[in-house]
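Okay, structure first, notes after.
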Amino acid sequence: MPQQTSRISSSQVDNPDYTKLVKFLIQPFLENPDSLRVDCEVSQSSRKVWLRVAFESEDKGKVYGRGGRNIQAIRTVIAAAGAIAEQSVYLDIYGGDAQERDLATAAPAELGSKPSPEKRRTTSKPNVRPRSQSSVQ
């Protein structure tokens, strides 16, 4: 007997609890899970969701992962949850300082403008190991 599948329309799906989902995905990477702060802003008219996340800066490397693999996987899961609810989801990560965390959760109207997330620094030096003396001869 073939199984019947049914499509779920967006009217049948409530908005996912993005805050709990983000906490579930990020807290295992943190030394101090209580430092995690998540702010969720949902725009009903344009079907967009903005997630702003802040945590201790010492844990940033673990959350991002080698080559950004962890954060990319987190963004993929969040985007999939948004796609089911027919929403576009954006994730911004802010610095771990208390002042920056407060700025990240404040309403943009209070600030005059939206703070920019920290960007990853890259160096222009190539990753080249010097040759040993025996191989130069």
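Positions are given from 1, in the same order as the sequence printed here.
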Next on the checklist: So, using side-chain hydrogen bond (donor to acceptor under 3.5 Å, both in side chains) as the criterion, who are the partners of S46 when residues are at least two apart?
Outcome noted: S43

Checklist entry - Rounded to the nearest 0.5 Å, what separation is found between the CZ atom of F55 and the OH atom of Y94? => result 12.5 Å

Next on the checklist: Taking side-chain hydrogen bond (donor to acceptor under 3.5 Å, both in side chains) as the cut-off, I'd like each qualifying pair that reaches into residues 24-34, sequence neighbours left out, listed once.
Outcome noted: E31-K62

Item to check | side chain to side chain contact (heavy atoms under 4.5 Å, CB included) between L51 and D92, worked out | outcome: CA-CA 6 Å; L51 294 166; D92 291 330; over 6 Å; no

Next on the checklist: Just so I know, are the side chains of R52 and V38 near enough to count as touching, which here means a heavy-atom distance under 4.5 Å?
Outcome noted: no

Next on the checklist: Give me the atom names and distance for the closest heavy-atom approach of P16 to A85.
Outcome noted: CD-CB, 3.7 Å

Checklist outcome for this item: Closest non-hydrogen atoms of R47 and E86, given as atom of the first, atom of the second and distance, are NE-O, 3.5 Å

Item to check | Verdict with supporting geometry, L25 and I78, side chain to side chain contact (heavy atoms under 4.5 Å, CB included) | outcome: CA-CA 9 Å; L25 294 171; I78 293 168; 4.2 Å; yes

Checklist entry - In chain order, what residues pass the side chain to side chain contact (heavy atoms under 4.5 Å, CB included) check against Y90, with sequence neighbours excluded? => result K48, W50, S88

Checklist outcome for this item: Scanning both residues in full, the closest heavy-atom pair of L21 with A81 reads CD2-CB, 3.9 Å

Item to check | Trace of the side chain to side chain contact (heavy atoms under 4.5 Å, CB included) decision for V63 with K60 | outcome: CA-CA 5 Å; V63 172; K60 213 169 236 190; 5.8 Å; no

Item to check | side-chain hydrogen bond (donor to acceptor under 3.5 Å, both in side chains) pairs, two or more places apart, involving residues 65-77 | outcome: none

Next on the checklist: V42: which residues meet the side chain to side chain contact (heavy atoms under 4.5 Å, CB included) condition with it, sequence neighbours left out?
Outcome noted: N15, C40, Q44, V49, Q87

Next on the checklist: What verdict does the side chain to side chain contact (heavy atoms under 4.5 Å, CB included) test give for I74 and F29, after you've listed the backbone C-alpha separation in whole Å, the side-chain angles of each residue and the deciding distance to 0.1 Å?
Outcome noted: CA-CA 11 Å; I74 291 167; F29 295 108; 4.1 Å; yes

